[in-house]
Visitor: 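Pasting in a structure now, in C-alpha cells, and then I'll have a few things to ask.
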Amino acid sequence: MADKLSERAPKAAPTKQVRLKLVYIDFWSAVKFSFLIAAAVGVIILVAVLLIWTVLTSTGVFNQISTLMRDVSGDPNSNVSNVVSFAQVMGFTLVIAALNVVVGTVLGAIACVLYNLSVRITGGILVGFKNG
C-alpha cells in the first residue's frame, strides 16, 4: 500500500534557473520608492529624538547639567531649559527630517538617472533567478 502511495505522489517540478538583465529603472518608480524610504527614515529620526529626550528627562540628566552650569557659571538662575527646550529640539529635528526627505528623494532620482546612463556603456546587471 505504501508503495502505491509513493508512486502516486506528485514529483517535484525541476527547478528552472533564469538569467535576466536589468537594463532600465523607471524614473518615477525610483523617485516614489526613494521618497517613501526617506520619509520612513525621517519618521524614525523624529521618534528616536523624542525617545532620547524622554529618557534624558526621566533619568534627570538635564537637572544634573543645570546644576553643573550653576556651579561653573556662578549664576543661580542658569538652567538647561533656558538654552535648549523640547520645542526647539523637536523643531530642529523636524527641519532635519524634512531636509532628509528632500535630499533622499533627489539622491534616489540621481542614482536612477546615473544607472540608466551607465547601462548604455555596461549593458546592465545580470541577475539570476531560480524557480522553487
Visitor: Give the table of side-chain donor-acceptor pairs shorter than 3.5 Å for residues 89-108, with sequence neighbours excluded, one pair per line with atom names and distance.
Guide:
from: T93; atom 1: OG1; to: V89; atom 2: O; distance (Å): 2.7
from: N100; atom 1: ND2; to: A38; atom 2: O; distance (Å): 3.4
from: T105; atom 1: OG1; to: V101; atom 2: O; distance (Å): 2.7

Visitor: In terms of hydrophobic clustering (I, L, V, M, F, W, Y; side-chain heavy atoms under 4.5 Å; direct or indirect links), are F33 and V31 co-clustered?
Guide: no
Visitor: Answer yes if V113 and V119 sit in the same cluster of Ile, Leu, Val, Met, Phe, Trp and Tyr residues linked by side chain heavy atoms under 4.5 Å apart, and no otherwise.
Guide: no
Visitor: Please table the atom pairs, donor to acceptor, closer than 3.5 Å between any side-chain atom in residues 18-28 and protein atoms at least two apart or in another chain.
Guide:
from: D26; atom 1: OD2; to: S29; atom 2: N; distance (Å): 3.2
from: D26; atom 1: OD2; to: S29; atom 2: OG; distance (Å): 3.0

Visitor: So which residues get pulled into V43's cluster when ILVMFWY side chains under 4.5 Å apart are joined, directly or through others?
Guide: V47, L51
Visitor: When hydrophobic residues are tied together by side-chain contacts of less than 4.5 Å, even through go-betweens, does Y115 share a cluster with F35?
Guide: no
Visitor: In the single-linkage hydrophobic clustering (I, L, V, M, F, W, Y; side-chain heavy atoms under 4.5 Å), do I44 and L46 co-cluster?
Guide: no
Visitor: Honestly curious: do M69 and V61 fall in one hydrophobic cluster under the side-chain, below-4.5 Å linking rule?
Guide: yes
Visitor: Using 0.5 Å steps for rounding, measure from the CG atom of L50 to the CZ atom of F86.
Guide: 5.0 Å
